[in-house]
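Remember, it's a predicted structure, so these values are computed and weren't measured experimentally. Numbered from 1 within each chain, the chains take letters A, B, ... in sequence-line order.
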2 protein chains.
Amino acid sequence: MTDINSLLDSAPSPASAAVEDAAAAVPLVDFIELLFFAYRDFVGDPDQILAPIGFGRAHHRVVHFVNRHPGMRVTDLLDILRITKQSLGRVLRELVDEGFVESRAGSSDRRQRLLFPTAKGEALARQFVGLQSRRMATALEASGPDGREAVQRFLLAMIDPEDRAAVERLIERADRAARARPA
Amino acid sequence: MTDINSLLDSAPSPASAAVEDAAAAVPLVDFIELLFFAYRDFVGDPDQILAPIGFGRAHHRVVHFVNRHPGMRVTDLLDILRITKQSLGRVLRELVDEGFVESRAGSSDRRQRLLFPTAKGEALARQFVGLQSRRMATALEASGPDGREAVQRFLLAMIDPEDRAAVERLIERADRAARARPA
DNA sequence: ACGAAAAAGTCAACATGACTGACATAAATT
DNA sequence: AATTTATGTCAGTCATGTTGACTTTTTCGT
């Protein structure tokens, strides 16, 4: 699978003070680059699905979060995606026009437009999650026995401290709602 | 109001979502979203540095990889970034014009333009790596005792299998060259 | 009841970073 | 000598983001 070994074949031993620890820790910059490449392939998954239907990654994000939080407000979506409403507006209009997302006025507050996935939207979201889950499941297995927990702590700690709690709440709420909603 | 009873039975959905592990405490979709939020903040770091000097994220990527692989060819950079030469061309020209990157003709093959960071470019790259390393170091600590190894295996396994070896080679080569090149 | 504020939508202009296609030049390879 | 490779460039387009200004509808506070 990996072939660091073949690299060492042609590797002249680091000459001078190739210094201190030959069993050196993996430099942080390696992790930076691994994350770069990992994320590139991770977000590349949905492209295969998106291209044929003329959508882009912005559509993916919207469909995903609307599906995860049925009935969410436009403002909530803006907070999650951190884009302007003008940017969101375009993408959302296309998704509504093509029948992937539905927007209904809120019952308690009628200024609100609550966003719901249609059956078509749900199916699309399932495709996205299916693809990315496959990759994620494989990678978590590869991470080792306690890898799941370690990776979870890692990812959470990569998030800005001031946003961490909000993200945890968001995810927890979506999971709880999904469990309460029979498939 | 919440239905506590349904909390434990995570009903395995129909055959399509077979990827999900019903016994897992944390659904895979949670990891998908954690990675989304983690990466968003991770790439947000360089923005603070980039905005004042009128550069974007494309400049960040180019400066980073040219700094990591001094003397790399334009083609190598295109392979890493997976963009077209027209896209790269604009960004590279700006970086050369403003003195962050230097391009010299190859000595053995004079068609090649080998890319080197200038002192200015090195300094900028160090800023990027510094910021992102800080976040990464904190997150790796938070991942636990054996977290580093687990995260490394995880990130590598997230990369498309057919690219994994190439990425490992790339990173290993950069590290080796850096060790042989004392600051 | 009235005015401020909030939620959403829209128009217009613009920036960034990607893309395709066509073409040019120099140098290496066959 | 012909072809291929490495690079660069012109021209046009697309996707996705941005600011700023303004409107409509509805709720909320005084």
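Separating the CG atom in B:Asp109 from the CZ atom in B:Arg111 is a distance of 4.0 Å, to the nearest 0.5 Å. Separating the NE2 atom in B:His64 from the CD1 atom in B:Ile80 is a distance of 9.0 Å, to the nearest 0.5 Å.
Contacts of A:Gly56 with the nucleic acid, taken as non-hydrogen atoms under 4.0 Å apart, involve only primed sugar atoms and P, OP1 or OP2.
Applying the salt bridge (Lys or Arg N to Asp or Glu O under 4.0 Å) criterion to A:Asp160, with sequence neighbours excluded, gives B:Arg135.
Neither OP1 nor OP2 of D:dG8 sits under 4.0 Å from any side-chain N or O of B:Arg93. The phosphate of D:dT16 (OP1 or OP2) has a side-chain N or O of A:His59 nearer than 4.0 angstrom. Considering only side-chain N and O atoms, A:Arg73 lies under 4.0 angstrom from the phosphate OP1 or OP2 of C:dA7.
The distance from atom CG of A:Asp97 to atom C1' of C:dT10 is 14 Å, rounded to the nearest whole Å. In this structure, the CG atom of B:Asp109 is 5 Å from the P atom of C:dA28, given to the nearest Å. We find that CD of B:Gln112 is positioned 14 Å from C1' of D:dT4, with the value rounded to whole Å. Distance, B:Met72 CE to D:dA6 P: 14 Å, rounded to whole Å. Atom pair B:Glu94:CD and D:dG8:P shows a separation of 15 Å (rounding to whole Å applied). What separates CZ of A:Arg113 from C1' of D:dT27 is a distance of 14 Å, to the nearest Å. Between the CG atom of B:Leu92 and the P atom of D:dT9 there is a distance of 10 Å, given to the nearest Å. One atom, CG of B:Leu50, and another, P of D:dG17, lie 18 Å apart when rounded to the nearest Å.
In the interface, the side chain of B:Arg82 is not paired with the base of C:dA18 through any donor and acceptor atom under 3.5 Å apart. The base of C:dA26 is not paired with the side chain of B:Arg111 by any donor and acceptor separated by under 3.5 Å. Within 3.5 Å, a donor on the side chain of A:Arg90 pairs with an acceptor on the base of D:dG17, or the reverse.
Closest to the B:Ala58 side chain, of the nucleotides C:dA18, C:dA7, D:dT26, is C:dA18.
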Filtered N/O pairs between nucleotides 20-25 of chain C and protein, under 3.5 Å:
{"unit_1": "C:dG21", "atom_1": "O6", "unit_2": "B:Gln86", "atom_2": "NE2", "d": "2.8"}

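For the pairing with A:His59, the side-chain contact (heavy atoms from CB on, under 4.5 Å) check across A:Ile53, A:Val101, A:Leu95 returns one residue only, A:Leu95.
Comment: A:Arg176 engages A:Glu172 in a salt bridge, judged by a side-chain N to carboxylate O separation of less than 4.0 angstrom. Salt bridge annotation for A:Arg68-A:Asp175: present, with a cationic side-chain nitrogen under 4.0 angstrom from a carboxylate oxygen.
Map A:Ser107 and B:Leu115 each onto its nearest nucleotide of DNA chain D; the residue landing nearer the 5' end is B:Leu115.
Between B:Pro117 and B:Asn67, the closest heavy-atom pair is CG-ND2, 3.7 Å.
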